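Predicted model, so just to flag it, every value in this text is computed and none were measured.
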Amino acid sequence: MTLQKGHKIGNRFSRENQPRNPGRKLSRLNEFSNAFNLIDEDRKISKEDTFKLLEYLLSCSKTDIEIIVRDPDLPISMICLIKAIVDDLSRGKCETVFKLYDRLYGKTIQAVELPTSQGVPNIPKGPMGRMDYVRLLDELQGRK
C-alpha cells in the first residue's frame, strides 16, 4: 500500500499529539545507579572499609563468625562472603580465604618457565632478501 501525500491514515504526530513520555528511556544500569544513590551516605561502604572488614573476617574464629551472621543490619555482601567461608570450611577447602588474601594483599609472584630457543634460527632484525627467506625457511624445516 503506497500512501499519497496529505493522507489521513494512522496516528499522526503534531504539536498537540505527542507521546506521553517523550525522550529516551533510562537504561537499566542508570536506573540501578539512581536507586543506589538513594542510599544514605552513612550506610555506604568505602573501599577502605571493605578491606578492613575483610581483614577482620579473616581473623575471626568460627564462633565469632556465627555471631556476626545473626546481625540483621549486616550488608548482604558480607553475608555472602561469610557463607562462602563457612561452606569452604565444611568441605575442608580454603579457596575463598586464598581469594580474599589475594584481593587484600595482591597475588604472589608466579615464575613462568619459558622454553629455550635451542634449534631456532637467528632471525635478522633488518630487511631480508629472497635468499635470506629461503635460508631461514630451510633452517626452520630442518633442512641445511
Side-chain angles (χ1 to χ4, degrees), residues 1-3 7 9-144:
M1 172 175 145
T2 60
L3 299 175
H7 68 86
I9 300 172
N11 190 7
R12 309 274 300 182
F13 290 110
S14 64
R15 195 174 338 157
E16 294 82 26
N17 186 15
Q18 289 291 316
R20 281 183 293 163
N21 188 6
R24 206 173 217 178
K25 292 183 180 179
L26 283 177
S27 69
R28 292 284 182 203
L29 181 62
N30 287 339
E31 286 180 17
F32 286 135
S33 67
N34 290 341
F36 289 131
N37 288 337
L38 299 176
I39 297 173
D40 297 335
E41 286 296 322
D42 57 332
R43 293 192 64 183
K44 286 186 180 179
I45 299 175
S46 69
K47 190 174 184 178
E48 189 176 314
D49 292 338
T50 304
F51 285 141
K52 287 180 184 177
L53 282 169
L54 292 177
E55 282 181 326
Y56 177 73
L57 283 178
L58 290 173
S59 65
C60 286
S61 66
K62 191 173 183 179
T63 55
D64 292 339
I65 285 182
E66 290 171 356
I67 293 169
I68 293 170
V69 170
R70 291 188 206 125
D71 184 11
D73 294 330
L74 190 67
I76 196 76
S77 59
M78 290 298 127
I79 293 173
C80 290
L81 279 175
I82 291 171
K83 286 189 177 188
I85 292 170
V86 171
D87 287 347
D88 277 0
L89 286 175
S90 66
R91 289 186 285 137
K93 306 253 179 193
C94 300
E95 294 171 7
T96 305
V97 174
F98 289 150
K99 288 178 183 177
L100 289 176
Y101 276 125
D102 288 344
R103 180 63 56 100
L104 286 172
Y105 305 112
K107 288 189 176 186
T108 57
I109 297 173
Q110 298 175 355
V112 178
E113 289 187 32
L114 299 174
T116 59
S117 61
Q118 293 175 346
V120 177
N122 198 6
I123 299 173
K125 295 182 181 175
M128 293 174 43
R130 184 177 184 287
M131 292 307 295
D132 294 328
Y133 280 115
V134 170
R135 182 190 51 79
L136 185 62
L137 180 64
D138 289 342
E139 287 181 30
L140 285 172
Q141 291 177 344
R143 294 184 253 152
K144 294 211 176 197

Inset, instruction - With sequence neighbours excluded, give me every salt bridge (charged side-chain N to carboxylate O under 4.0 Å, His left out) pair touching residues 52-65. - result: Glu48-Lys52
Legend entry - salt bridge (charged side-chain N to carboxylate O under 4.0 Å, His left out): pairs with one or both residues in residues 100-110, sequence neighbours excluded: none
Legend entry - Pairs involving residues 88-101, ordered by first then second residue, that meet side-chain hydrogen bond (donor to acceptor under 3.5 Å, both in side chains) (sequence neighbours left out): Asp88-Arg91, Asp88-Thr96
Inset, instruction - Report the residues that fulfil side chain to side chain contact (heavy atoms under 4.5 Å, CB included) with Arg70, sequence neighbours left out, ordered by chain and then residue number. - result: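 Arg70 satisfies side chain to side chain contact (heavy atoms under 4.5 Å, CB included) with Glu66, Ile67 only.
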Legend entry - Partner set under side chain to side chain contact (heavy atoms under 4.5 Å, CB included) for Leu74, not counting sequence neighbours: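 With neighbours one apart ignored, the set is Ile68, Asp71, Met78, Ile79, Ile82.
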Legend entry - CG-CZ distance between Leu54 and Phe51, expressed to the nearest 0.5 angstrom: 7.5 Å
Inset, instruction - Output the distance between atom CG (Leu100) and atom CG (Leu53), rounded to the nearest 0.5 Å. - result: 11.5 Å
Inset, instruction - Start with the C-alpha gap between Asp138 and Val134, add the side-chain angles, then the distance that decides, and say whether side-chain contact (heavy atoms from CB on, under 4.5 Å) holds. - result: CA-CA 6 Å; Asp138 289 342; Val134 170; 3.9 Å; yes
